[in-house]
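Following: one structure in structure tokens, then a few remarks.
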Amino acid sequence: MSLANRWVTRIFVIESILQERATGIFYLSKDMTLFGYDQGVFGGVIVTDDFLNTLGLKGPQHVSTVSTVTAIYDIGCFLGACFSIWYGEKFGRRFTVLTGTTVMSIGAVLQITAYGVPQMIIGRIVGGIGNGMNTATAPVWQSETSQIKWRGKLVVLEMILNIAGFSISNWVTYGFSFLGGPISWRFPLAFQFVFIFILFATTPWLPESPRWLIAHEREDEAFEILADLEGKDPNDPFILTQHKEIVYAVQYEKKNAIPWSKLLMGKTGSGGGTKTMRRIILGAGSQAMQQLSGINVTSYYLPTVLIESVGLENSQARLLAACNSVSYLLFSLIGIPNVERWGRRKMMMYAAAGQCFCYLMITVLLRHTEIPSYPEEKQTKIASASIAFFFLYYVFFGIGWQGVPWLYPTEINSLSMRTKGAAIGTATNWIFNFMVVEITPPGIQSLHWKFYIIWTIFNGAFVPIVYLFYPETADRSLEDIDRMYRENPKLLVFRDKSITSSKRPLEYIQHEEEQLRRNSSVDPAMLRRGSKIKSPIPNNSETDYLEHDVVAEDKV
């Protein structure tokens, strides 16, 4: 690794918002902001008269086409995530991100210059492919360059930056709505190049994942990067211990990973670790629940919802959507200090209960706006009252469901299935995202207030689902979670306090302390000589691997 690259790495770490050892946060601050901007910008574009007239989408008869043009972006994201599942490991985290950003820029140009629906659809798909590649790579890259105690906080921070991009898109589309003409929607679409250019300028300088380098037998580079991240010498015993732990993790995964052909047929055997399919389903399920909570009913369509369901004027709806995005951003900050303190289970359950209440009140209030005997003035006041619950919904979602579903798949899956499990979770998120975005405009048009009953029921169902089935992963190392599943926990976890507590079980703490005592006298030079990917692993047993005598205080 060159001297210049080492200094750039150190600068990125120093400038990290949390002043912690996570180089990925600099990249993710731009990528997740771009992700959020893309999610929100089209909601303001599709209520712009010049856009609808230019593409021939004006009128209620074109509602289904508008929803398809909007939702097809998520199909592109799904395809991009699938590409990363199969090829991301081959090309590396940095190259995959640069490729994804390049594809996104091509899609953006196609959208900006579109004069017809076919070109806009192609642009949306191409842009989505690039975003799917980036979002499938980012959580893995982050987890591979983060300390355990900061893993949850950093993921929440990433998604807050996503909200920041969403907020920016709302204010940009609102501001340019006053200009009229093509610039009112073409410039907001073009504004994403601000983030794209920053990614192109910074990503090449970011260090590659140490885990990926070790997996591809580039150990010397990995030593240097680990040392830079920790601010230590490459021969420091702590760095040597971290390096060797990653080596053993990669060796184990290579020997025990299950091919996709067998995994898709459910033939996991014993190689994938205990309860393989259960853990994959839990991780993917958290991503599915995030989308079925109804967030993209409003993220993609809040101006439309406020116009069609509440009856606001176009400009007023845009302004409220922009104000809501600021509230969403501010309240999401609550999740940073509490994601470890409260735990994943409590954050998901409490937020789902709050979201259920909000959609219930929205349903009830909008129902009363369609009662013929109600005076028009009274209907307007009742409809306006529902806006408060749209705002409150974002508060609950921002705290509990914005970040945790992106974190959970990387934590719950077994060692040999972690990359595949995270990728399956990302793909699940995008395919359910597509479904929600596709059905929303025609659903509002045909069902009116009844459409919101769907999301009330879903959010209400998530509370018992999480309570009954989801283990806690906060304050636990990834090895702790593997150890928990080796102990054969029951499908219904709610009765076992050691599995559901937000505090790390005492027996896990005692085990780690014992391992650290055993390794305190290991010769650093001997550790480095043996820290090679071609060094023999003790055997094929996951138990023996996890009981091996290399355990670091802060694992990468």
Would you say CZ of F200 has more than 12 non-hydrogen atoms from neighbouring residues, nucleotides or ligands within 6.0 angstrom?
yes
So, does S327 use its side chain to make a donor-acceptor pair with the main chain of C323 at under 3.5 Å?
no
Which one of F397, F331, Y328 satisfies the side-chain contact (heavy atoms from CB on, under 4.5 Å) criterion with I163?
Y328
Run the ring-centre check on Y359 versus F396 and record whether the distance is less than 6.0 Å.
no
Using the ring of each side chain (for Trp, its six-membered ring), is F462 parallel, tilted or perpendicular to W401, with breaks at 30° and 60°?
tilted
More than 12 foreign heavy atoms under 6.0 Å from CD of Q61: is that the case here?
yes
Mutual orientation of the aromatic rings belonging to F176 and F187 [parallel < 30°, tilted 30-60°, perpendicular > 60°]
parallel
Does the plane of the ring in F451 sit parallel, tilted or perpendicular to the ring in W455? Use 30° and 60° as the thresholds.
perpendicular
Work out which heavy atom in M289 is nearest to a heavy atom in I465; give both atom names and the distance.
SD-CG2, 4.1 Å
Please tell me whether S286 and Y470 have a donor and an acceptor in their side chains that are separated by less than 3.5 angstrom.
no
Closest contact, heavy atoms only, T173 versus V41:
CG2-O, 3.7 Å
May I ask you to decide if the ring planes of F191 and F195 are parallel, tilted or perpendicular, using 30° and 60° as cut-offs?
perpendicular
Minimal non-hydrogen separation, Q39 against N296, with atom names
NE2-OD1, 3.7 Å
Closest non-hydrogen atoms of I382 and L365, given as atom of the first, atom of the second and distance, are CG2-O, 3.1 Å
Shortest non-hydrogen contact between A321 and L306, atoms and distance:
N-CD1, 4.4 Å
Taking the six-membered ring for Trp, are W430 and F35 closer than 6.0 Å centroid to centroid?
yes
Around atom CZ of F391, are there more than 12 heavy atoms of other residues, nucleotides or ligands at under 6.0 Å?
yes
Do we get R186 above Y115's six-membered ring, with its NZ or CZ under 6.0 Å from the centre and within 45° of the axis?
yes
Of the options Y37, Y73, F166, F51, which is the one that meets F42 in a ring pair (Phe, Tyr, Trp, His ring centres under 6.0 Å)?
F51
Just by distance, do the side chain of R318 and the backbone of N170 share a donor-acceptor pair under 3.5 Å?
no
For M104 against G127, the heavy-atom pair lying closest together:
CG-O, 3.6 Å
Between Y301 and E308, is any side-chain donor less than 3.5 angstrom from a side-chain acceptor?
no
